[in-house]
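Within every chain, numbering begins at 1; the chains are lettered A, B, ... in the order of the sequence lines, protein sequences first and strands thereafter.
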Amino acid sequence: MKRTHTNNELRLTNTKETVVLKGWVAKKRDLGGLLFIDLRDRTGITQLAFNPSSTLYEKALTLKNEYVIEVTGTVIERQSKNDKLPTGDIEVTVTKLTILNTSKQPPIYIKDDADTLEDTRLKYRYLDLRRPTLQQNFQVRHQTAQAVREFLNNESFLEIETPILTKSTPEGARDYVVPSRVNKGAFYALPQSPQIFKQLLMVGGFEKYYQIAKCFRDEDLRSDRQPEFTQIDIETSFLNQAEIMDITERMMKHVMKKVKNLEFKDDFPIITYKEAMNKYGTDKPDTRFDMQLVSLTDIAAKTDFKVFTSNIDNGGIVKAINVKNGANLYSRKGIDKLTKFAKKFDAKGLAFLRYQNNAFNGGITKFFTDEQLTELESKFDLTDNDLLLVVSDTEKVVHQTLGQLRAHIAKEQNLTSDEDYDFLWVVDWPMFEQREDKKYYSLHHPFTMVKDEDLELLDKDPEKALAYAYDLVVQGYELGGGSIRIHNKEVQNKVFDVLGVSKADQREKFGFLLDALNYGTPPHGGIALGFDRLIMVLVHTTNIKDVVAFPKTASGQCLLTKAPGPLSDEQLSDLGIKISK
RNA sequence: GGUCCAGUAGUGUAGCGGUUAACAUGUCGGUCUGUCACACCGAAGAUCGCGAGUUCAAAUCUCGUCUGGACCGCCA
């Protein structure tokens, strides 16, 4: 029989209608003389009622959780209503019951507040996916993809697929690799992103490209990181940074309207990379709360506190955050915990001062003169029981430590709301960073265009050169990043020189791209947004597994399929591969 | 590669040297005509992740190992 309604559809207005419903038995409530079944499908729940006078009563008694059934029945108004369910005013008196399939006792509960351990849930992922929250997450994921496509299609973008079997590139993340049977000893790599292909599509004249693209990176996992993930990948020709940011911003506003019914009237704020690092200690600041980093280097230099003065003499800095009401929130023991947290980021310690009754006390107060304390007071918007947390070290360590502390404390103290979407652009990224080995590394990627006015710096002082690069940040997540690309061969060569990529390597790894630059490559640029992360933010989860249908564990295993697994000797020999051990 | 946490009936937890291994929920049986976390009564269900060691005695302590998780490194 054809299903007439889903399980979230029937209302009082349907009373007396004959309906056909299908779904899973979510719950059986046997009152002796009366039997209720909650029938679940992906939309919701409808209550079925069986009366002992019914010939179906005995059969209904045999139903168990997760049986799949089809029922025909009449919609009636309930004697006792349930205002927690959209269908709570009605129930269906069943006149025909067909058991479509039975179920063993499931190893996990199919309900939202189930606290089953993650490994059990992953092993039986197909059961876990039946949970309403996960069902809703994938609904949102679908709607978001639709909204993205709808917007970009309207803006004349073409959706074009790029290869999954492609070539390994030297920089960036470790590649996942696929052996070639036809070409023994040679390997494809799975793309870390469609970066080079989308640039070549611009050379190919498509002008506006997008793809909801799978990307692969063989790096260690985190709660917000899977080895394969999805990007909204966009590339355009002839548009400048502001124009690409505008399209992206309008796309995000479209998504927020379509998926969350939220209007964003104002432009997303724009701050520079430098400002982000100085004020928030991170390139992806959560701006839902303040607690900005404040420099105390000048005051600290005047104190007799050796830790500060010797750090400053060695080029270090001193900065602090003001934890509002922190003196009440963090006891001595609590501060010790924060110190332990700070040490994860290479800080040697965490200094503090309390502000109570209009004066500082505790911690490092004794190292400051009254005059210096007054100066300190003027730097912060202090109220009673504030707590200053101070870190002194290299700029890098200070920023990372205080940036992480800031986020950590906000989380501990619930300073943020999941429904507060603080979209933010971070611009003016440096082209390169110099690491311990004194070599230069791309902050973005090696195809990023240097700002016109900084072109000369590539030769003189590469570290000072800024890029046409922009990141979109929300709630402390890097939602995506993009840049204007180099379309000029001389500049590209210069960048490779700074990066120390030899001519031979340039030829070997990027020859096709460099060749393409010879044939009328248009000015182009684009952006890539982390699709999974966007969904995480939209459905308020911090666990990426909640938005990926079949995710991998922290060690890259799929507990459902047991991937990755060994190959047979025959397969290995076909590929010309020997396993050494 | 490193640090930390966890692994005990189907599921989630308690127990932290000697217990009949406890509790909740689920399962099974019974009573019950308005439940929706139905209620009540009863029952079954556990080589305490695995392997060694210490001890008269190990779920409990030690070491190793496996699995899962969080984080650091890593992720242009």
Between [N] and [M], how many Å separate the two [atom1] atoms, rounded to a whole number?
N	M	atom1	value
B:A14	B:C23	C1'	7 Å
B:A6	B:C74	P	28 Å
B:A9	B:A21	C1'	11 Å
B:C16	B:G49	P	16 Å
B:G45	B:A24	C1'	15 Å
B:A37	B:G26	C1'	13 Å
B:G51	B:U8	P	15 Å
B:G7	B:C48	C1'	10 Å

Worksheet item: Mind checking what makes salt bridge (charged side-chain N to carboxylate O under 4.0 Å, His left out) contact with A:Lys81, not counting sequence neighbours?
Response: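 Applying salt bridge (charged side-chain N to carboxylate O under 4.0 Å, His left out) to A:Lys81 gives A:Glu77.
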
Practice prompt. With sequence neighbours left out, write down each residue that passes side chain to side chain donor-acceptor pair (under 3.5 Å) with A:Arg485, or none if nothing qualifies.
Written response: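 With sequence neighbours excluded, A:Arg485 shows a side chain to side chain donor-acceptor pair (under 3.5 Å) to A:Glu235, A:His445, A:Ser483, given in chain and number order.
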
For [N], which nucleotide is its Watson-Crick or G-U wobble mate, given both distances must be under 3.5 Å?
N	value
B:C74	none
B:A22	B:U13
B:A44	none
B:G34	none
B:G7	B:C66

Worksheet entry | Sugar-phosphate, base or nothing in reach of A:Ile45, heavy atoms under 4.0 Å |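 It contacts nothing in the nucleic acid.
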
Between [Y] and [X], is the closest basic N to carboxylate O distance under 4.0 Å?
X	Y	result
A:Arg125	A:Asp128	yes
A:Lys64	A:Glu66	no
A:Asp428	A:Lys274	no
A:Arg507	A:Asp515	yes
A:Lys284	A:Asp471	no

Gap between atoms [atom1] and [atom2], on [X] and [N] respectively (whole Å):
X	N	atom1	atom2	value
A:Glu77	B:G34	CD	C1'	14 Å
A:Gln47	B:A37	CD	C1'	14 Å
A:Arg121	B:A6	CZ	C1'	16 Å
A:Phe229	B:C75	CZ	P	13 Å
A:His444	B:C75	NE2	C1'	14 Å
A:Leu443	B:C75	CG	P	12 Å
A:Lys123	B:G7	NZ	C1'	14 Å
A:Ile37	B:U35	CD1	C1'	12 Å

Worksheet item: Do side-chain atoms of A:Asn14 reach the backbone of A:Arg11 as a donor and acceptor pair under 3.5 angstrom?
Response: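 Side chain of A:Asn14 to backbone of A:Arg11: a pair is present.
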
Discussion item. Checking the side chain of A:Asn137 only, and the main-chain atoms of A:Asp546 only, is there a donor and an acceptor separated by less than 3.5 Å?
Written reply: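 Checking the backbone N and O of A:Asp546 against the side chain of A:Asn137, a donor-acceptor pair under 3.5 Å is found.
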
Discussion item. On the six-membered ring of A:Tyr441, is A:Arg435 placed so that its NZ or CZ lies under 6.0 angstrom from the centre and within 45° of the ring axis?
Written reply: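 That pair qualifies as a cation-pi contact.
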
Worksheet item: Can a cation-pi geometry be assigned to A:Arg406 and A:Phe289, taking NZ or CZ under 6.0 Å from the six-membered ring centre and within 45° of the ring axis?
Response: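 So A:Arg406 does make the cation-pi contact.
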
Worksheet item: Which nucleotides of nucleotides 67-74 of chain B have their base under 4.0 Å from a protein heavy atom (B), which only their sugar-phosphate (S), and which neither (-), written as one string 5' to 3'?
Response: -SSSSBBB

Worksheet item: Mapping A:Ser193 and A:Glu91 onto RNA chain B by nearest heavy atom, which one lands closer to the 5' end?
Response: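 Result: A:Glu91.
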
Worksheet item: If you pin A:Lys284 and A:Lys340 to their nearest nucleotides in RNA chain B, which one's is more 5'?
Response: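 Counting from the 5' end, the first nearest nucleotide belongs to A:Lys340.
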
Discussion item. The side chain of A:Leu117 is closest to which nucleotide in this list: B:U35, B:A76, B:G12?
Written reply: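 Given the options B:U35, B:A76, B:G12, the side chain of A:Leu117 is closest to B:G12.
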
Item to complete: Choose from B:C75, B:G26, B:C28 the nucleotide whose nearest atom is closest to any side-chain atom of A:Gln105.
Response: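 When the side chain of A:Gln105 is considered, B:G26 is the closest of B:C75, B:G26, B:C28.
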
Item to complete: Take the angle between the ring planes of A:His408 and A:Phe341 and call it parallel below 30°, perpendicular above 60°, tilted in between.
Response: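 The rings of A:His408 and A:Phe341 lie parallel, inter-plane angle below 30°.
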
Give me the distances for all protein-to-nucleotides 38-41 of chain B N/O pairs that come in under 3.5 Å?
residue, atom, partner, partner atom, Å
B:C38, OP1, A:Lys27, NZ, 2.9
B:C38, OP2, A:Arg29, NH1, 3.3
B:C38, N4, A:Asp30, O, 2.3

Fill in: Under 3.5 Å donor-acceptor pair, A:Arg78 side-chain atoms to B:U35 base atoms
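Indeed there is one.
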
Discussion item. So, under a plain 3.5 Å distance rule, would you say the side chain of A:Tyr109 forms a donor-acceptor pair with the base of B:G10?
Written reply: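 When only heavy-atom distances are counted, A:Tyr109 does reach the base of B:G10 through a donor-acceptor pair under 3.5 Å.
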
Discussion item. At a heavy-atom distance below 4.0 Å, what parts of residues 81-88 of chain A sit against RNA chain B?
Written reply: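 Of all residues in residues 81-88 of chain A, the ones placing a heavy atom under 4.0 Å from RNA chain B are A:Lys81, A:Asn82, A:Lys84.
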
Fill in: Qualifying side chain to side chain donor-acceptor pair (under 3.5 Å) pairs with a residue from residues 25-34 of chain A, counting only residues at least two apart or across chains
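Side chain to side chain donor-acceptor pair (under 3.5 Å) check on residues 25-34 of chain A returns A:Arg29-A:Asp38, A:Arg29-A:Gln47.
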
Fill in: Note, A:Thr162 side chain near A:Asp233 side chain (heavy atom, < 4.5 Å)
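A:Thr162 does not reach A:Asp233 side chain to side chain.
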
